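Computed from a predicted structure; not experimentally measured.
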Amino acid sequence: MKLFINQTSPYARKARVVAHETGAVITLVDVDPWNDPPELLAVSPLSKVPVLVAENDLVLTESDTITRYLAALDTSHKLLPADALAQNEMAARTAMAQGMIDAAFDAVIEKRRPAVNQWPEWVERQRRAVRRGLEWVATQPHTTNRFDLGDVSLACLLGYLDFRHPTLAWRVAHPGLAAWFDQVSQRPSLAATNPDLPIA
């Protein structure tokens, strides 16, 4: 299988973490989707990452689709619970974290526009969404004994906030969440996909 990624993308990191956790044999292709690279366009017209070219040339886009596909290949049910009720609960946590990733990413992209075209209120709206989402997440139980797709999404969100939004100071506001993140960050899958590290 082949996975198209960008090193700093939180979406691509989710797919990389799951691939690492499941032991999937994957070739990574690091691209800049903003430049419409021909090798990425050859498999997906969207020019977004991640994109997984799976068995039988099945092309999967969007991080949640890719992570569920990879997790389902792992019969140990480490990342995708076998129980339907547990899957629904996990999906709710995954969606909340994904929404915050979207907001944090949108704020970063807006700040990359020419200054005269930027919409500061839009950026602040996204940051408020992240803050409110973290307040909700902080009320939920967290344990390092579990690491499913919802936890993958949350860990990738928090890593992205450290990487791109240090002024949010989420660690100060939520020390319990920070302690959880620091502990799960020791997992080889998260350590290997740190956005500050080169692609291995």
Side-chain angles (χ1 to χ4, degrees), residues 2-19 28-53 59-68 91-138 149-150 152-174 177-178 181 185 190 192-199:
K2 185 180 295 185
L3 182 66
F4 290 82
I5 64 165
N6 182 267
Q7 178 183 346
T8 60
S9 165
Y11 304 100
R13 188 182 189 190
K14 287 174 57 176
R16 293 173 65 197
V17 168
V18 171
L28 298 178
V29 182
D30 191 24
V31 295
D32 181 358
W34 295 99
N35 289 332
D36 294 339
E39 61 271 35
L40 180 59
L41 292 178
V43 295
S44 172
L46 303 178
S47 197
K48 294 169 61 178
V49 293
V51 175
L52 178 68
V53 181
V59 175
L60 299 170
T61 62
E62 301 297 334
S63 58
D64 283 347
T65 303
I66 293 169
T67 55
R68 287 187 72 91
R93 289 184 286 108
T94 301
M96 183 63 71
Q98 184 65 45
M100 286 186 279
I101 290 175
D102 291 342
F105 183 79
D106 287 350
V108 168
I109 296 305
E110 181 67 19
K111 295 289 285 184
R112 291 182 178 176
R113 300 175 67 194
V116 67
N117 296 329
Q118 290 180 19
W119 188 4
E121 292 82 2
W122 172 256
V123 172
E124 186 52 36
R125 185 178 192 278
Q126 305 311 311
R127 290 166 65 89
R128 287 198 305 270
V130 172
R131 291 190 190 99
R132 290 193 302 266
L134 289 176
E135 289 173 3
W136 180 87
V137 169
L149 293 184
V152 169
S153 293
L154 178 59
C156 290
L157 162 71
L158 298 177
Y160 189 66
L161 295 182
D162 278 349
F163 184 60
R164 293 295 194 203
H165 292 276
T167 59
L168 274 176
W170 70 270
R171 289 176 170 275
V172 175
H174 305 291
L177 198 54
F181 177 60
S185 290
L190 287 167
T193 58
N194 189 309
D196 287 320
L197 297 178
I199 301 295

Check: Of the options Leu3, Val51, Thr65, which is the one that meets Leu60 in a side chain to side chain contact (heavy atoms under 4.5 Å, CB included)?
Finding: Thr65

Item checked: Side chain to side chain, Val123 and Lys111, heavy atoms closer than 4.5 Å -> yes

Note to self: Return the CG to CD distance between Leu197 and Gln7, rounded to the nearest 0.5 Å.
What the structure shows: 7.5 Å

Notebook entry, point to check: With side chains defined as the heavy atoms from C-beta onward, is the minimum distance between Thr61 and Lys48 less than 4.5 Å?
Noted result: no

Checklist line | Test item: Arg128 and Arg131 side chains (from C-beta on) under 4.5 Å apart, heavy atoms | finding: yes

Side chains of residues 158-168: which donor-acceptor partners sit under 3.5 Å, not counting sequence neighbours?
{"residue": "Asp162", "atom": "OD1", "partner": "Trp170", "partner atom": "NE1", "Å": "2.9"}
{"residue": "Asp162", "atom": "OD1", "partner": "Arg171", "partner atom": "NE", "Å": "3.3"}
{"residue": "Asp162", "atom": "OD2", "partner": "Arg171", "partner atom": "NE", "Å": "3.3"}
{"residue": "Asp162", "atom": "OD2", "partner": "Arg171", "partner atom": "NH2", "Å": "2.9"}
{"residue": "His165", "atom": "ND1", "partner": "Arg127", "partner atom": "NH1", "Å": "3.4"}
{"residue": "His165", "atom": "NE2", "partner": "Ala104", "partner atom": "O", "Å": "2.9"}
{"residue": "Thr167", "atom": "OG1", "partner": "Arg127", "partner atom": "NH2", "Å": "3.0"}

Checklist line | Residue pair Arg112 / Gln118, side-chain heavy-atom distance below 4.5 Å | finding: no

Margin query: Is there a side chain to side chain donor-acceptor pair (under 3.5 Å) between Tyr11 and Asp64? Walk through the geometry before answering.
Written below: CA-CA 9 Å; Tyr11 304 100; Asp64 283 347; over 6 Å; no

Item checked: Test side-chain contact (heavy atoms from CB on, under 4.5 Å) applied to Phe4 and Val59, step by step -> CA-CA 11 Å; Phe4 290 82; Val59 175; over 6 Å; no

Check: Between Glu110 and Gln126, is any pair of side-chain heavy atoms under 4.5 Å apart?
Finding: no

Margin query: When you compare the side chain of Asp30 with that of Asn6, does any pair of heavy atoms fall below 4.5 Å?
Written below: yes

Check: Rounded to the nearest 0.5 Å, how far does CG of Leu154 lie from CD1 of Ile101?
Finding: 8.5 Å

Notebook entry, point to check: Would you say the side chain of Ser47 lies within less than 4.5 Å of the side chain of Pro37, judging by non-hydrogen atoms?
Noted result: yes

Next item on the list: Determine whether Cys156 and Val152 make a side-chain contact, defined as any pair of heavy atoms from C-beta on separated by less than 4.5 Å.
Entry: yes

Next item on the list: Grab the two heavy atoms, one from Lys14 and one from Ser63, that are nearest each other, plus how far apart they are.
Entry: NZ-OG, 3.5 Å

Notebook entry, point to check: Looking at CG of Leu149 and CZ of Arg93, how far apart are the two atoms once the value is rounded to the nearest 0.5 Å?
Noted result: 9.0 Å

Notebook entry, point to check: Of the non-hydrogen atoms in Met100 and Ala129, which two are nearest, and what is the gap between them?
Noted result: CG-O, 4.4 Å

Checklist line | Gap between atom CG of Leu40 and atom CD1 of Ile5 - 0.5 Å precision | finding: 11.5 Å

Margin query: Can you tell me if Trp136 has over 12 outside heavy atoms packed within less than 6.0 Å of its CH2?
Written below: yes

Check: What heavy-atom pair brings Arg16 and Leu28 nearest, and what distance separates the two atoms?
Finding: NE-CD1, 4.1 Å

